[in-house]
Amino acid sequence: MSEPCIDLSGVAKTFRDTRAVRDLNLQIPSGSLCGFLGPNGAGKSTTIRMIMSIIRTDQGSLRVLGGDALDHKDRIGYLPEERGVYRKMKVGDYLRYIGRLKGVDASSLRTLITDSLERIGLPDVEKKRCEELSKGMQQKVQFLAAIIHKPELIILDEPFSGLDPVNAMLLHDLIRELHDEGRTILFSTHVLHQAERMCDRIVMIDQGTKVLDDTLETIQKRFDPKTIIAEPLGDPTAMGMLLEGAPEVDSIKIDDRGRVHARLRDDADADRVMATALAGGSLRSIERARTTLDEVFLHLVNRPLDGAQPGFAETTLV
Amino acid sequence: MSDRNLSKIGIIAWREFRHTALTKAFLFGAVILPIGMMGLLLVLPLLFASQLKPLDGDIAVVDSTGRFVQAFNALVVERRDRDRSGDAEEIIRKLGIDDRGGMLSGGIAAAAEETSFDDVTATDFRPDGDDVILRLKEEAREGQWIGVAVIPEAIFDAQNSNEDLDDAMIDLFLPKETSPRHGDTISDLIRSATVRARFAAAGEDFEYIQTMLDRPSVDVRRLGIEAGAESSDSKLRMLVPFGFMMLLWIATFTAGNFLLTSTIEEKSNKVIEVVLSAVGPLQLLWGKILGLALVSLVILITYGGLAIAGIAALALTDLLSISVLLWAVVFFLIAYFTVAALMAAIGSAVNELSEAQTFMAPVMVILITPMLLWMPIGENPNGTLAVVTSMLPPILPFAMVMRIGAATDPVPIWQLLLSTAIGIVSVVGLVWAASRIFRVGILMQGKPPSPLELLRWIRQA
């Protein structure tokens, strides 16, 4: 197995009396697109700043791209949560400055900047001062500054915050493109459905402690609610009684909208239950319930992992 | 430090220089304006002189004794014929300016000639009741006279007591369009002519007494270490140390202030973290310090160049030597890095310019001290106070440039070397402490730290 792109082992950081990060172990494989999730104050930005060697760890070891991030700054792209621009600088000059600092030679920067600005939908801003741009436009310029040197590892702290849906979609596409090119991407976000749509790996932290770290596929299996939701055109009670009689079904619940929720046993075959429902009468819809990352997030953040929550099955994978 | 890291420092330094010095505001305010002002200072007197018309015309004098007009006309002739370039030379010589070519005195004399009086005469009238005065005043309104002076008889009588003389007053009537300067000239001529008339009334030879009372000139020359190496004693010599110190002050504090504001701007704009993702805090600090050192150098060259040009124009180059200038550069570097380290530390510790005032106050109190030392160091550049302050960081570079600027005897070389060594050690210490504060403070938001917290940052960073 290749060396992880980011490898944190027992990392901790304390600010005065606040323990921002506690004994954090984290391995981000090369080439992955990893969502770094957690509530406000969970320690995401602190962890990212430590990964970037902007602040030092109090304890533990931290390796980025096989060494210290300070030695590989030119191979890392970083969009901080608290980001800004030199307001009086022209956009082109700003990107040129950051590009030069990141090791891009001046001759290739000219076309690179022009092409990149076109790609993010800002073809005419190169000669404008940064302060003349809207906040959303500035954010896109900041994103461009983070990736102008085509880094191997891209770390984005809350990249979607403050963006309208159109620009959020543009950024989503850009991140996917960068991932498809083989770059490793770690981004923190509160927009969990974005992470769910984009990531192949999810890390969640709360109060400085990691509470979840897995592939999206595994998480979906782990937090599968094992429930079939059928919406009959006829009497929902009859459909409920029909499904309750099926050996795969553990319990039945009918909601206010007349939808029948059939909770399955652990080893149940969902397809057979769906076939039984379809045979029992006309249906408006039938689907397998899915747990969203929002639900997982709330579940993990509000309640300890070893607790139980009604209607939320958590499968322990062996 | 690797070439790549040095290259990053260079990139930061160039940005700082470019966005500070290569701006219209800076070029206008710090380069073009001082050069323009210096040009104006040279040109304005000639411009003003060209605008002034010489006084020309006749003054009606109402005098019962008839003594005044003779004295007045003699005075006018004497003043007009006096070699004014001689006056100018005397003034310039007293200032210690070597104007052997006579260019400066010639210019002043020409200007004085242009602005003085041309053909002023006085016409005598006997008082014949108020009718004469009323008529003359009416004629003066019509432009026939440039003034009407009524001289009381008592004013010539030397036997009168001082009080009586004081009470006796000359009435002078001028047309309303008379310029204030012409009014003053007429008034001055009348007063001086009155004194001459008094001497004449007493039977004394005024010109003889005036010659006797003239204080002779003294040509003071400073003896050099070697025989024959004499230099003129210049009053401007006292201005040289002040000029050196102010030059250093302006160059270092202007650039230091730019460093402070640029650091605060990067923090408040939140761009600092983006930059720190590409470079380390020490690289950023050094890039900023070196970039603004170039800005400081531009200011130093501009103002210093103007000063040297002025000194050369006045043929006072013996006040400066190459070694003095080289030492000035050494102490400029020490002064700049001292101020820059302080400003960078303050800038990184605060979030807004207003918060910086708390830290700036004690720094300014310390660094304003050299201004108070100008007179004592200028008077005695090798005295105990001068020697001690020139070894005392952080004011040592300012004190030492005053010493080397003021010294009639050269500052001992061991003192220069010791001061340089202390300066370098203090700069290293200050930059080290500033870098520790910078490393912690640059990402710190919220309430600015207390001085005790700054000390903790230095220990812990």
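The sequence lines fix the lettering, A, B, ..., with proteins before strands; numbering per chain opens at 1. Reckoned from all heavy atoms, side chains included, excluding hydrogens, waters and symmetry mates.
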Visitor: Is any side-chain heavy atom of B:Ile346 less than 4.5 Å from a side-chain heavy atom of B:Val363?
Guide: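 Sidechains of B:Val363 and B:Ile346: in contact.
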
Visitor: Counting heavy-atom pairs closer than 4.5 Å to chain B, which one of A:Ala145, A:Ala146, A:Pro80, A:Ala69 comes out on top?
Guide: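 If we count pairs closer than 4.5 Å to chain B, A:Pro80 comes out on top.
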
Visitor: With chain B as the partner, which of A:Ile98, A:Asp74, A:Ile76 has the greatest number of non-hydrogen pairs under 4.5 Å?
Guide: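 The answer is A:Asp74.
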
Visitor: If you measure from the Lys or Arg side-chain nitrogens to the Asp or Glu carboxylate oxygens, is any gap between A:Asp93 and A:Arg96 under 4.0 Å?
Guide: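 Judged by the 4.0 Å cut-off on N to carboxylate O distance, A:Asp93 and A:Arg96 do form a salt bridge.
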
Visitor: For chain A, find its close neighbours in residues 267-280 of chain B: heavy-atom separation under 4.5 Å, sorted by number, or none.
Guide: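 Interface residues of residues 267-280 of chain B: B:Asn269, B:Lys270, B:Val271, B:Glu273, B:Val274, B:Val275, B:Leu276, B:Ser277, B:Ala278, B:Val279, B:Gly280.
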
Visitor: Could you tell me if the side chain of A:Leu153 sits less than 4.5 Å from the side chain of A:Val64, heavy atoms only?
Guide: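 Yes, their side chains come closer than 4.5 Å.
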
Visitor: For chain A, which residues of residues 15-24 of chain B have at least one non-hydrogen atom nearer than 4.5 Å to it?
Guide: B:Arg15, B:Arg18, B:His19

Visitor: Answer whether the closest heavy-atom distance between the side chains of A:Phe187 and A:Met198 falls below 4.5 Å.
Guide: yes

Visitor: Check this for me: does any side-chain nitrogen of one of A:Lys13 and A:Asp58 sit under 4.0 Å from a carboxylate oxygen of the other?
Guide: yes

Visitor: Find out whether A:Ile51 and A:Tyr78 are in side-chain contact, i.e. whether some heavy atom of one side chain is under 4.5 Å from a heavy atom of the other.
Guide: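 Answer no - side chains too far apart.
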
Visitor: How close do A:Ala195 and A:Thr189 get, counting heavy atoms only, and between which atoms?
Guide: CB-CG2, 4.0 Å

Visitor: Quick check: do A:Leu79 and A:Ile155 have side-chain heavy atoms less than 4.5 Å from each other?
Guide: no

Visitor: Can you check whether anything in residues 81-90 of chain A gets within less than 4.5 Å of chain B, heavy-atom wise, and list it by number?
Guide: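 A:Glu82, A:Arg83, A:Gly84, A:Val85, A:Tyr86, A:Arg87, A:Met89 fall under the 4.5 Å cut-off.
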
Visitor: With a 4.0 Å cut-off, would you call A:Asp105 and A:Arg110 a salt bridge?
Guide: no

Visitor: Indicate whether any N or O donor in one side chain lies under 3.5 Å from an N or O acceptor in the other, for A:Lys210 and A:Asn25.
Guide: no

Visitor: So with a 6.0 Å cut-off around CZ of A:Phe15, is the heavy-atom count from everything else above 12?
Guide: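 More than 12 heavy atoms, drawn from other residues, nucleotides or ligands, come within 6.0 Å of this atom.
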
Visitor: Going by atom types alone, do A:Ser53 and A:Asp68 pair a side-chain donor with an acceptor below 3.5 Å?
Guide: yes

Visitor: Taking side chain as everything from C-beta outward and backbone as N, CA, C, O, which of these in B:Ile442 sits under 4.5 Å from a heavy atom of chain A? Side chain, backbone, both or neither.
Guide: neither

Visitor: Can you sort out the partners of B:Phe253 under ring pair (Phe, Tyr, Trp, His ring centres under 6.0 Å), two or more places apart, ordered by chain and number?
Guide: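 Listed in chain order: B:Trp249.
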
Visitor: Taking the side chain as everything from C-beta on, heavy atoms only, tell me whether B:Leu454 gets closer than 4.5 Å to B:Ser450.
Guide: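 Counting from C-beta outward, B:Leu454 and B:Ser450 never come under 4.5 Å.
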
